[in-house]
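The structure under discussion appears below in the form of structure tokens.
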Amino acid sequence: MQLVNTNNIFAQYVEKEDIFNDKNTLSSSFIPQKLSHRDVELQQLSSMLAPVLRGYKPNNLFIYGTCGTGKTICAKFIINQLQEIVRKNGKNLRVVYINCKMKKVADTEYRLFAQLLKELGECVPDTGLPTDVLYRRFFEHVDNKATELILILDEIDTLVKKVGDDFLYNLTRSNQELKKSHITIVGITNDLSFRDNLDLRVKSSLSEEEILFKPYNAVQLKDILYERVQGGFKEGAVSDTVLSKCAALAAQEHGDARRALDLLRVAGEIAERSGEMLVAEKHIDMAQQKIDLDRVTETIRGQPSQSQAVLYAIIKLHDKPVSKGWVDKRLLTGDVFNMYANICKANNIKPLTQRRVSDLIGELDMLGVITAKVVSNGRYGRTRDIALAVKDDMLNRIRGILQERLGN
DNA sequence: AGTCCACAGGAAGGGCAGGCGA
DNA sequence: TCGCCTGCCCTTCCTGTGGACT
């Protein structure tokens, strides 16, 4: 007979030595005391916003740069600095940061202004009010407070793509109507061509100043990682070789510092779980696989059942043996739709129209799970050439998830 | 040059759930 | 309670597309 262990099951984790010092330091949202390799950009940013300290309205400003180039962190860093000096000098300044990509938060015109009002301390329902009422309340609130407002709209391209740029026009025009206040807009985007697609009226008033954030190179990434490791890990837990590898991998991904930090943090977690006190190169490889796998599987799990059925149809067609006489396997929208309809029938799901399925295929393409290229087959019509864009091990995991949900 | 195919994708609007204010 | 507003998901209708075929 086995004896019952009366020791607490968590005791081993309390007693176990920790590889991390402060894991928050390794988070991409952590704002360090000093930002390496962004001196020029920080200087530009501060000089552009500095007029606000003397009571003038700064020019509207646009920050461009690919993912993980430090746009957001620099903007937040500057906000902190600005607010610190404002607190000391008693200036009337408010800074509001909104991420326009946040689902259900600021992904529509209504939600953006509702969120703005909430940030300014007003109570707003999630739905139910006309948008112009929100506009009015927002401008009234700002004007009544007689304040300088700096509005930072991160991932602004996402919102503009979805709802158009009218809200930007209204915001930039607002300064003509406000009597006691000013609004300065700081737009952040990783879409370098974003400005070209704006309405002329918006373009001229919004992009008064611009800053471009260039990608970090491997050496710069290594410096950034080194600084974070000092606070994040116990001394000696991360070797120079490991840092170099992390930096090199992230540099390959367009100099993405966020990716570098994620790699290092996850590698540390893997090492810790396997009871090792040193992060090794093998942990970085494992971290890379884990991050990719988790990202894709979480995305798939979070999709509505109709999207899952469309993806399952694509996988089923992909798994089907190639017909005799065919050299390669090409999946077309029509084939996917037919297979999708069969899956719906088998699962008692009401099938969507081909028009809607076409949009879902486009969304899966955007997520990076498939590639769907529009091709013309001459008199055999114009369609999409669809292929899976995930590796075999990931495909097996996705297939498992979908089989669980939708059967065989 | 004209026709044809199999869609792509834009526009408009329906239906629904949920909130507000009279 | 009712009318009006919102976002969201979806359908219907329509025009456009581009290369093979006639």
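Side chains included, hydrogens not; waters and symmetry mates left out as well; all remaining heavy atoms used. Order of the sequence lines fixes the chain letters, A, B, ..., with proteins taken first and strands second; residue numbering starts at 1 for each chain.
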Which residue, A:Leu311, A:Thr333, A:Leu331, forms the side-chain contact (heavy atoms from CB on, under 4.5 Å) with A:Ile361? A:Thr333

What integer distance in Å separates A:Tyr340:OH from C:dC10:C1'? 11 Å

Please list each protein N or O that sits under 3.5 Å from an N or O in nucleotides 6-10 of chain B, with the distance.
residue	atom	partner	partner atom	Å
B:dA6	O4'	A:Tyr380	O	3.4
B:dA6	N3	A:Arg382	N	2.8
B:dC7	OP1	A:Gly334	N	2.7
B:dC7	O5'	A:Gln354	NE2	3.1
B:dA8	OP1	A:Thr333	OG1	2.5
B:dA8	OP2	A:Ser358	OG	3.0
B:dA8	O4'	A:Arg382	NH1	3.3
B:dG9	OP2	A:Arg384	NH2	2.4
B:dG9	N7	A:Arg355	NE	3.2
B:dG10	N7	A:Arg355	NH2	2.9
B:dG10	O6	A:Arg355	NE	2.8

Pairs where residues 211-225 of chain A contributes a residue and the test salt bridge (charged side-chain N to carboxylate O under 4.0 Å, His left out) is met, not counting sequence neighbours: A:Lys222-A:Asp240

Do the numbers put A:Lys71 on top of the ring of A:Tyr64, so that NZ or CZ is under 6.0 Å from the six-membered ring centre and no more than 45° off the axis? no

Hey, what do you get for CZ (A:Arg38) to CZ (A:Phe213), rounding to the nearest 0.5 Å? 6.0 Å

Side chain to side chain, A:Val310 and A:Glu363, heavy atoms closer than 4.5 Å: no

Distance, rounded to the nearest Å, where A:Asp385 contributes CG and C:dT17 contributes C1': 17 Å

Does A:Ser376 have a side-chain nitrogen or oxygen under 4.0 Å from the phosphate oxygens OP1 or OP2 of C:dT17? no

For the pair made of CD in A:Gln306 and P in C:dC9, what is the distance, rounded to whole Å? 12 Å

I'd like to know if A:Asp262 pairs up with A:Arg265 as an ion pair, taking the criterion as any Lys NZ or Arg NE/NH1/NH2 lying under 4.0 Å from an Asp or Glu carboxylate oxygen. yes

